[in-house]
Amino acid sequence: MVLETNMAHLRYEARLLADEITQQVELRFDALQRLNNIIGYADDPSGLSYELRNNDTLLSWFEGIVVTNRDGDIIADWPAVIGRVGLDNRNTEFFKMLRGTRQPYVSEPFIGRASQAPLVLVSVPRIDERGEFMGVTSGVLSLDAGGLFNRLAKVRLGEQGYAAVVTASEMILYHPDSQLVNTSIDRKYLNPLLDLALDGWQGDGVGTLLSERVGLQAYAQVWPANWVIGLYLPNEQAQLPLSGFIRKLGWMWLLLAVLIMPLLWWILARILTPLNHLEAQIGEVGSGLRKSVSLATTMQELQQVATTFNRVEEERQTLVDHLQERQAFLDSVLNAAPQGMFVASFDGTITYINPALLEMLGVTPDWTMEALLHQIHPYDRESVRNMWLNSLKNGNDFIRQMRFTHVEGEMLWLDIHARVVVLAQGGHSLGLVGVVKDVTERRQQEALQRWEAEHDSLTGLLNRRGFERRLEEAFADFLKTSKPAALLMFDLDRFKPINDEGGHALGDEMLRRIAQIVAWKVRRSDHVARQGGDEFGVLLPSCTLGQAQTIAEALRQAISEVTVVHSGKEYRVTPSVGVTSFDERDASVDDALSRADAASYEAKGKGRNSVVVNAVTEKILPTL
């Protein structure tokens, strides 16, 4: 209840704050749009400066107002800052976005050139009556004194709770620790809930905070600015009310027990005297000293208990006899079974392993449950344990494939199917009986088939299918985390004469040698593929464009030194290498592949045996 109450409070506060900041942002958008209607769309600096001075009431919302023409040049500002008019912003992130979308936009945070304070630009496009883009009107908003986050400073979440605001690009806009403002979120503190919120999710949950403590979290989106509001409450802070209540309740119960205990002790002693006799006789029945209980008491209730106990004891003895017979039959069946089989009790302990399974695992009957569990592969051990406990708790079948280390060191793949065995008479269960199959050979065959499906049989490199899958994975990782990745594409110059003069066997030998050289030259984490014929590709994760160009030059030099000999004649080939990297404006992997192919063709057109880089211009942040 305490958790749900705190979660509901965080969720409500997060939505309330998000709505309030959304309203503040939209009001500033509206104010700038009204200013656009007043100043018009002409590029007269003196007229624009006059109108900005007459509308200086906007300075209650902004640190300053800036007007930019359609070419990205600042033509007017208020208050006037020396050197700001005339600045070229055509390559800045916010100007490109506004010119492209023609929608209001809040820029990424940056440090002001004059104030040295963290700022953002709240901007609207200047669109004339014909729908032409005439420039941008922007308000400079300080993250320290802009008033936008004043409400966050007043949020009260106990002594340790707090609120924060970040951009979708992982920049911190507001935090109680002012030193964190306008810094990127440390990746090691990017918990799963915050990661989801940066992708547009809204909700709440429990996770690790920046202080590395576990706490309650709630997230809401400020859609017009592409910001995320997060509210955080450490777990110990959320449980303080409950802890205080439990302490008070404990003292009350202790006082009550001290006052009532003597009286209860005397009453119970009188009542339990006949029960003590009954207990003693039941113990004698359990130890085999007697077959039934017999009480000399006038208490009808105890007489009924004694009669019921005697009847239950007779039924129990009958069931024990049947159980022993069934147990003997089961032991015979399990010992003779050619398949690996085991029996486990409902506390999870394996009580029996048949000879076939002992031989399969290479263990002896005296192996403990913990020793067997230790032989399971570390990657499978925890999930197997959890699934086993779940089957014991709910009575469900345990069906699982896992890796097991034979005592001689061989890794086995085992298929296990265990289920509850229930006796027909009385519905009593013996425990779990499991069947174990060695499917190592089948799993190895499946792994070989998967490998062959994605690898080139001639060179052992990735084929086109395997390379495209890794490209898609690297591109998805780039979109999510902005981790750079580079791509090399090349084919071989003067390869056809090798096939024509020496035959395909000589050409295949040349391809194998080149594949080996390329695999040696790149890192273990890189992916090399033969896409068909004499075409090759190399994916370089976590690699910048400059590093990729260096690697490409090394590959070009190494490949040009590879030779094959036929009938006394030596043959060489050279590569025409195209280099590019993923860019945030790429709609798909095909865009990067097209750039790399184009660069490779350009290298071939320049006379072959060369490296051509096809790059994309990066974003530039505004400088005001």
Side-chain angles (χ1 to χ4, degrees), residues 188 191-192 195 206-208 214 326-327 329-423 428-455 466 469-470 473 477 524-525:
K188 68 179 181 180
N191 65 71
D195 199 14
V206 179
T208 304
V214 175
R326 296 295 182 95
Q327 186 67 46
F329 175 76
L330 177 61
D331 289 345
S332 299
V333 171
L334 293 177
N335 283 327
Q339 274 189 323
M341 302 184 72
F342 67 89
V343 178
S345 62
F346 278 108
D347 64 357
T349 303
I350 294 181
T351 58
Y352 174 81
I353 300 177
N354 76 338
L357 184 54
L358 291 174
E359 182 181 357
M360 182 189 302
L361 304 181
V363 300
T364 56
D366 59 349
W367 273 52
T368 64
M369 186 68 179
E370 285 301 319
L372 290 170
L373 203 61
H374 184 72
Q375 294 300 109
I376 298 175
H377 195 282
Y379 289 165
D380 298 337
R381 191 176 301 153
E382 191 62 29
S383 61
V384 168
R385 183 196 294 269
N386 294 336
M387 190 173 179
W388 178 251
L389 294 176
N390 181 68
S391 297
L392 294 173
K393 179 180 179 181
N394 301 319
N396 299 327
D397 285 6
F398 177 86
I399 303 173
R400 175 65 192 258
Q401 287 190 359
M402 67 178 189
R403 288 164 286 185
F404 186 90
T405 304
H406 193 277
V407 291
E408 296 180 357
E410 179 186 1
M411 184 63 66
L412 304 177
W413 271 99
L414 304 180
D415 183 90
I416 305 175
H417 187 175
R419 65 171 49 189
V420 177
V421 176
V422 180
L423 293 176
H428 297 283
S429 60
L430 294 175
L432 275 77
V433 175
V435 177
V436 182
K437 298 178 183 178
D438 185 351
V439 294
T440 306
E441 184 177 351
R442 190 183 75 192
R443 289 297 296 246
Q444 290 174 345
Q445 185 64 30
E446 291 173 353
L448 178 60
Q449 291 173 352
R450 288 194 298 271
W451 187 91
E452 290 176 344
E454 291 194 346
H455 289 77
R469 182 171 70 81
R470 285 157 180 80
E473 291 172 353
D477 195 26
R524 293 174 61 89
S525 59

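Numbers here are sequence positions counted from 1.
Scanning for ring pair (Phe, Tyr, Trp, His ring centres under 6.0 Å) contacts around F398 gives W388, with sequence neighbours left out. The salt bridge (Lys or Arg N to Asp or Glu O under 4.0 Å) test applied to E454 returns R469, R470, not counting sequence neighbours. Taking the side-chain contact (heavy atoms from CB on, under 4.5 Å) definition, one finds that R442 meets it with Q401, V439, E446, sequence neighbours left out. Remark: H377 engages Y379 in a ring pair (Phe, Tyr, Trp, His ring centres under 6.0 Å) (not counting sequence neighbours). Among residues two or more places apart in sequence or in another chain, the side-chain contact (heavy atoms from CB on, under 4.5 Å) test is passed with E382 by R385, N386.
Of all non-hydrogen atoms in M411 and T440, the two that sit nearest each other are O-CG2, 3.8 Å. Here the shortest heavy-atom pairing between L412 and M360 reads CD1-O, 3.5 Å. Taking all atoms of both residues into account, the shortest heavy-atom contact from L358 to P365 is CD1-CG, 3.7 Å. Shortest non-hydrogen contact noted between G340 and A356 is N-CB, 4.0 Å.
Between the CG atom in L357 and the CD atom in E359 there is a gap of 10.5 Å [rounded to 0.5 Å]. Put simply, CG on L373 and CZ on R381 are 6.5 Å apart, with the number rounded to the nearest 0.5 Å. Within the model, atoms CE of M341 and CD1 of I353 stand 12.5 Å from one another, a figure rounded to the nearest 0.5 Å.
When side chains are defined from C-beta on, I416 counts as touching F342, because their heavy atoms get closer than 4.5 Å.
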Just list the side-chain donor-acceptor pairs under 3.5 Å for residues 402-410, sequence neighbours left out, or say none.
residue	atom	partner	partner atom	Å
R403	NE	D380	OD2	3.0
R403	NH2	D380	OD1	3.1
T405	OG1	Q375	O	3.4
H406	ND1	E408	N	3.1

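The number of heavy-atom neighbours closer than 6.0 Å to CZ of R400, taken from other residues, nucleotides and ligands shown, is above 12.
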